Amino acid sequence: MKYNPADIETKWQKIWEDKKLFKVEKDESKEKFYCLEMFPYPSGKIHMGHVRNYAIGDVISRYKFMQGLNVLHPMGWDAFGLPAENAAIENSTHPAVWTKSNISYMKEQLKQLGLSYDWDRDIATCDPEYYRWEQLIFIKMFEKGLIYKKKSHLNWCDDCNTVLANEQVEEGACWRCGQDVAIKELDGWYLKITEYADELLEYANDKLPGWPNKVLTMQKNWIGKSYGAEINFQIKDTDEKINVFTTRPDTLFGATFMSVAPEHPIVKTLLAGTDKEAEGTAFVDSILKEDKINRMDDDKEKRGFFTGKYVTNPVTGNDMPIYIANFVLMDYGTGAVMAVPAHDQRDFEFAKKYGCDLKIVIQPKEELSLETMVEAYTGAGTLVNSGQFDGTDNDSAKKSIVEFLDNEGLGKSTINYRLRDWQISRQRYWGSPIPFINCDKCGSVPVPEAELPVKLPDVDFNPDMRGNPLDKVESFKNTTCPKCGGAATRETDTMDTFMESSWYFMRYTSPHCDTAPFDKDKANYWMNVDQYIGGIEHAILHLLYSRFYTKVLRDLGYIDIDEPFNRLLTQGMVCKETYKCPEHGWLYPEESVDGKCSKCNSDVAVGRVEKMSKSKRNVVDPNKLIQKYGADTARLFILFASPPERELEWSDSGVEGSFRFLNRVWRLIQNNIELFNSELPAPVEDELSKELLFHTNVAVKKVTEDIDRYQLNTAVAAMMEFVNNLYAIEAKMGDEHKALFRDSILSLMKLIAPFTPHAAEELFEMAGFEGLISRSSWPEFDEKHTQKDEITIAVQVNGKLRGQIEIARDLDKETIFEIALANENVVKHTEGKDIFKKIYVPNKLINFVVK
RNA sequence: GCCGAAGUGGUGGAAUUGGUAGACACGAGGGACUCAAAAUCCCUUUUCCAUUGGAAGUGCGGGUUCGAUUCCCGCCUUCGGCACCA
């Protein structure tokens, strides 16, 4: 029978589904393994990135199943988000309709890949049964003081009437309507992730050994803990002070002016009623009008405005002019900076432009002078011009100056984070409603728990819609205050969709629990996720939020763990070269035929290898691939082509190779299928038997170890090598070897089972086995068969390979040297020379050092 | 600019702890089978010189070592992250 993936794949997918093969329950008697891949946004159809992600997770899950573990392997849908809402507006359909149809289509696609999910645990985050718990958690967090509301400056599109995330601003304009983006001060809800900054950092430092360093480093940088001081500066002729944060208190004597952020509240006070007011306000407005992206541009010119006011340097007593400066960020530190132009590059540039004083307070070995300085000196040195601190090295001066300030009540040592609290308000429809009611008398009041979930109301979507749909649904918006009973309005913003993905992995442990977000017992049994797999692009946002959420849920008493994910594998992107036609722009791969555009026959320009994306059309559709070769081939190729962490360059001919391999496996086992139903003579202990045992045990060992260390590409290579060896042995063997050969091809079936499960099931069945190979045991290897008695070792002279000798394993050293020295070619290189050192690496090589 | 990762045949990649560089696969060339094709199978395939064999070779330049793709120093390139963070 020819290998025909189309028939066998649907057959086995149905059997697995009918038998609910991958359905699991908590079972204390078994060791558990929780394998999780990042759930997808239901955008319409799956792409190669999904295939790769889920193929990796499926191999690991199936392998652990076969090793006898109780494996939880769930899948679901990150179902809230803007694309659904945009599609709804465009097509006048409800986002729920669009989302649901996408989910059912994509679910079918995933099933076609033969993935081992427990579909009974399927969840969609847009389901009120999911987001009701998110709303409950939100209220619990509020009660614990982890949530607050504040005004802040955000990207705002007037036309769409909504806040935009930074990444939704394209060259200063709204990505959807092209309107210029403004900065607007808006109310928003914040989660106090900064309260957990230290713990998040601490675990990232050394308590997450299963995470790639790369991701931990990115998170550490994102949190950005820095030690420094807060120093108070008195505004001259007033009672008010301006606080600054600095990491360089040692340079305080060199502070000659002050810069404050345009958004800083003090700005209005400073300008009020002065002759600078009009000009200053205009300056501030001109900066705030720029969108955030532009304002943070590379090499942005430094612009400042002198307010006409001064602060007093607390240690020198000198007047320091106060400038409003475009490069000072309101949301880092205190929004005000003491400027030390001699020792900070930004302040240096600013001072040169606006003619501010420079003062050197740190001298390195090679003396600085103001006349020759062309840039700020930021290195170490000895303090000068710094009163009683002169002569101390700048590092210890950091401490002593802060101590001095502390004693005088002028400042204190402090720690600052780059991490900011998480703003979760979105002026959108397709997200979880924020369960709060705004009352004129009582302020923001949580919706009583009994009234949860706050469900999204129905809205008629149409292309003429603008703004936040919820805000216009009067029946939703108008309500009464739960506290005072007076008229009140419901919060019409919805939550950031990262809120859903921050705890979905816990919901999977009891997805239908209707009394709590999840069953605590079950969650404690299944968590942590033992293996999490997903794209590197989530290194910060999703993975940091999930860690934060886990700690919060712990502190709220929902679960007893500190971190959600034990091991993390970040898979690389799937890439392909791009094709561009001078007439028709980007082309799909199939539109470029022999270097010509299939539409106009112009020469096609082959671009660089890039991440597969719809916009550049350098995509390969998993559907077409599965139709042509089957899911097993698709899975095998995507795992073989590259190690999981690295990016994968798509190659059609590589796919052919994987298909060929599967056919070779198929034929090898087919040709010998009758062995499974035959009485065979007892095996003999000859060379060929030894060889067979050797190759089989080596293959099992290598595949096992490679899966354990995520090297799925070399695991596939080991299976290929095994098959090549089996063909060679098949050609030589007699009846007395067939019993062993039968064992070997059974091992082969099991080894390929996690990778190409359909083909493995079919072969297993044809061999006459009862039950499913997916539920059979993983093959074991015997270390003694992975070693040969006769081995080849390399003979080097002065580190250069001069020969190879066959010896018995573990032969004594001196005998090996004798044999090696007798080797003809070795003699040539040692003759007439002194051998003054002989090195022997057991069973590997020897090296003669001669002169 | 800062941080991180990577750089190996024509191509994707392998070499797990410092020990025979190029496993496995793709592509290419040659051959077998076939009326022919497809499929399959076999051989060759780092470069250079050559007759057994030799020389060079893992981005570049140094170093440590009997021995370096692997460790150290300096540089180049590519990719990723962060970026006026006080």
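Bear in mind the structure is a predicted one, so any value in this text is a computation, not a measurement. Proteins come first, then strands; the chains are lettered A, B, ... in the order of their sequence lines, and each starts at number 1.
Atom C1' of B:G74 sits at a distance of 24 Å from the matching atom of B:G80, rounded to the whole Å. B:A25 and B:C73: their P atoms are spaced 39 Å apart (whole Å). Between B:C3 and B:C75, the two P atoms lie 12 Å apart (nearest whole Å). Distance check on atom P: B:C41 versus B:U77 gives 46 Å, rounded to whole Å. One C1' atom belongs to B:C71, the other to B:C82, and the distance between them is 30 Å to the nearest Å. Taking the P atoms as reference points, B:G59 lies 14 Å from B:A14, given to the whole Å. When the P atom is used for both B:G22 and B:U46, the distance is 10 Å, rounded to whole Å. Taking the P atom of each, B:A55 and B:A21 are spaced 13 Å apart, rounded to whole Å.
A cation-pi arrangement is present between A:K302 and A:F327, with the terminal nitrogen or guanidinium carbon under 6.0 Å from the aromatic centre and inside a 45° cone about the axis. A:K359 forms no cation-pi arrangement with A:F253, by the criterion of a distance under 6.0 Å to the ring centre and an angle within 45° of the ring axis.
Using a 4.0 Å heavy-atom cutoff across all strands shown, A:G224 reaches no nucleic acid atom at all. Base contact: A:K702 has a heavy atom under 4.0 Å from a base atom. Heavy atoms of A:F640 sit under 4.0 angstrom from at least one base atom. As judged by a 4.0 angstrom heavy-atom cut-off over every strand, A:Q796 is placed among the base-contacting residues. When heavy atoms are screened at a 4.0 angstrom cut-off, A:T246 is found touching the sugar-phosphate backbone but no base atom. Counting non-hydrogen atoms under 4.0 angstrom, A:H829 reaches the backbone sugars and phosphates but no base. If you check every strand for non-hydrogen atoms under 4.0 Å, A:D347 touches nothing. No engagement by A:E824 is indicated, since no non-hydrogen atom pair under 4.0 Å with the nucleic acid exists. When heavy atoms are screened at a 4.0 angstrom cut-off, A:V337 is found touching base atoms of the nucleic acid.
For A:I540, taking side-chain heavy atoms from C-beta onward, the closest of the listed nucleotides B:A15, B:C26, B:G81 is B:G81. Of the listed nucleotides (B:G13, B:G27, B:C85), B:G13 has the atom at the smallest distance from the side chain of A:R646. In this structure, the nucleotide among B:G53, B:C24, B:C66 sitting nearest to the side chain of A:V849 is B:C66. Minimum atom distance to the side chain of A:E649 is reached by B:G12, of the listed B:G54, B:C84, B:G12. The side chain of A:N847 approaches B:G19 more closely than any other nucleotide in the set B:G19, B:A25, B:C41. Proximity note for A:T217 (side chain, C-beta onward) versus B:C26, B:C82, B:C3: the nearest is B:C3.
Where A:N724 and A:P643 each meet RNA chain B at their nearest nucleotide, the meeting point lying more 5' is that of A:P643. Nearest-nucleotide assignment on RNA chain B puts the 5′-proximal partner with A:T792, out of A:T792 and A:N825.
Ring geometry, A:Y3 versus A:F659: the interplanar angle falls from 30° to 60°, so the pair is classed tilted.
In this structure, A:F661 has its ring center no closer than 6.0 Å to that of A:F640. Here A:F637 and A:Y629 keep their ring centres 6.0 angstrom or further from each other.
Residue A:K800 contributes atom NZ, which lies 10 Å from atom P of B:A68 at whole-angstrom precision. Distance A:M720 CE to B:G12 C1': 12 Å, rounded to the nearest Å.
When the side-chain nitrogen and oxygen atoms of A:T714 are compared with OP1 and OP2 of B:A14, none of them lie within a distance under 4.0 Å. Using a 4.0 Å cut-off, no side-chain N or O of A:K214 falls inside it from OP1 or OP2 of B:A5. At the phosphate of B:A86, neither OP1 nor OP2 sits under 4.0 Å from any side-chain N or O atom of A:R418. Phosphate contact (OP1/OP2 of B:A14, side-chain N/O of A:R709, threshold under 4.0 Å): absent. A sub-4.0 Å separation between OP1 or OP2 of B:A83 and a side-chain N or O of A:R346 is absent.
With its glycosidic angle within 90° of 0, B:G9 adopts the syn conformation.
A:D344 is not listed as a side-chain neighbour of A:R248, based on a closest heavy-atom distance of 4.5 Å or more.
Side-chain to base pairing of A:K838 with B:C66: no donor and acceptor N or O lie closer than 3.5 Å to each other. In terms of polar N and O atoms assigned as donor or acceptor, the side chain of A:R420 comes within less than 3.5 Å of the base of B:C85 in a complementary pairing.
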